[in-house]
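As structure tokens, the structure follows; a few thoughts come after it.
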Number of protein chains: 2
Amino acid sequence: MANQTQLDRTFAACAHPIRRGIIERLGTREMTVGEATGDFAVSKPSISKHLRVLEEAGAIVRVIDGRTHRLRLAEHGLADAQEWMSDQHAIWERKFDVLEDYLLARQRARGRAGDSTPAGGDAR
Amino acid sequence: MANQTQLDRTFAACAHPIRRGIIERLGTREMTVGEATGDFAVSKPSISKHLRVLEEAGAIVRVIDGRTHRLRLAEHGLADAQEWMSDQHAIWERKFDVLEDYLLARQRARGRAGDSTPAGGDAR
């Protein structure tokens, strides 16, 4: 089972558009900090804070190569959070499928009960 | 495309074990506030705060029936966040598949290059 603190951190890391943007960019390839964060219109300290949140959540990895810092996605960075989300979503979907089936059955039953309605009646 | 603020709220809502616990419970059925939150060892104001976060994120819906408050999952409550997570995860997986293919190809190429190794040699 996924560690709760780990899930807390991953979801919190995903709860900001800049951090999601960095994850999306790094999906294509490893990048320098400049490449991955260059066009966000926020201060450098703010970018550093976002990167720290992503690193502490285990979502990204920083490789320090002399004076160049490269960022890449961590191999199983989102795996547990993604699994939890998918599980909940599946349960959710199933729930509404059951509800839909029930409502359709109810509608059909009503349709049959209303078979005596004159033809051409309002189809409401 | 999913609204960024909405995604922020959904991910933040999922970033706490009590809130995830409430979502998990409501996956089974509609519940009173007491049923959904009864055995979390935290204060009532704290529970109220967690419920507010879930409601504001559109993850759960509160139905007020006289003096009874019932909670249920919102129909598309996690859908956008789940989709974003799955997209990233798929990109992530593909990335590592490509890497794996590359490493396997490299290993095979090295194996061929080492074909002159005496038979029965160490299979490292």
Side-chain angles (χ1 to χ4, degrees), chain A residues 1-31 40 50 53-54 57-61 72-100 103, chain B residues 1-31 40 50 53-54 57-61 72-100 103:
Chain A
M1 217 201 72
N3 177 297
Q4 293 288 349
T5 311
Q6 184 50 45
L7 282 179
D8 291 357
R9 283 190 186 155
T10 309
F11 283 123
C14 293
H16 194 286
I18 289 184
R19 295 197 293 264
R20 287 195 301 277
I22 294 169
I23 290 175
E24 286 166 6
R25 272 165 214 209
L26 294 178
T28 58
R29 59 174 178 87
E30 190 174 297
M31 288 182 178
F40 293 116
H50 288 308
V53 172
L54 287 165
I60 68 167
V61 172
R72 57 177 172 78
L73 297 180
E75 183 161 357
H76 298 295
L78 295 185
D80 289 342
Q82 195 268 338
E83 198 183 324
W84 186 85
M85 271 284 183
S86 291
D87 286 353
Q88 298 316 308
H89 191 71
I91 292 167
W92 218 287
E93 288 291 300
R94 239 181 345 261
K95 223 174 113 71
F96 285 101
D97 283 351
V98 169
L99 183 64
E100 196 179 46
L103 292 174
Chain B
M1 218 201 71
N3 177 296
Q4 293 289 348
T5 311
Q6 184 51 46
L7 281 179
D8 291 357
R9 284 189 186 155
T10 308
F11 283 124
C14 292
H16 195 285
I18 289 184
R19 295 197 292 264
R20 286 195 302 276
I22 294 169
I23 289 174
E24 286 167 6
R25 272 165 214 209
L26 294 177
T28 58
R29 61 176 176 86
E30 190 174 296
M31 289 181 178
F40 293 116
H50 288 309
V53 172
L54 287 164
I60 68 166
V61 172
R72 58 177 173 78
L73 297 179
E75 184 161 357
H76 297 295
L78 296 184
D80 288 343
Q82 194 268 338
E83 198 183 324
W84 186 85
M85 271 282 183
S86 292
D87 286 353
Q88 298 316 310
H89 190 71
I91 293 167
W92 218 286
E93 290 289 301
R94 237 177 350 257
K95 224 175 113 68
F96 285 101
D97 284 350
V98 169
L99 183 64
E100 197 179 44
L103 292 174

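A note on names: the letters A, B, ... follow the listed sequences, proteins ahead of strands, and every chain is numbered from 1.
When each of B/A15, B/G27, B/A79 is checked for heavy-atom pairs under 4.5 Å with chain A, B/A15 comes out on top. When B/E75, B/Q88, B/M85 are compared by the number of non-hydrogen pairs under 4.5 Å with chain A, B/E75 comes out ahead. When each of B/G77, B/A74, B/A12 is checked for heavy-atom pairs under 4.5 Å with chain A, B/A74 comes out on top.
Neither the backbone nor the side chain of A/E83 comes within less than 4.5 Å of any heavy atom in chain B. Contact annotation for B/A13: neither backbone nor side-chain heavy atoms come within less than 4.5 Å of a heavy atom of chain A. Heavy atoms of B/R20 lying under 4.5 Å from chain A belong to its backbone as well as its side chain.
Atom CG of residue A/L78 and atom SG of residue A/C14 lie 5.0 Å apart, to the nearest 0.5 angstrom.
The closest donor-acceptor contact from the side chain of B/Q6 to the backbone of B/A57 lies under 3.5 Å.
Ring geometry for A/W84 against A/F11 counts as perpendicular: the plane angle is over 60°, on a 0 to 90° scale with 30° as the lower cut.
Counting only heavy atoms from C-beta outward, the side chains of A/Q82 and B/S86 approach each other to under 4.5 Å.
A cation-pi arrangement is absent between B/R19 and B/F40 under the rule of less than 6.0 angstrom and at most 45 degrees off the ring axis.
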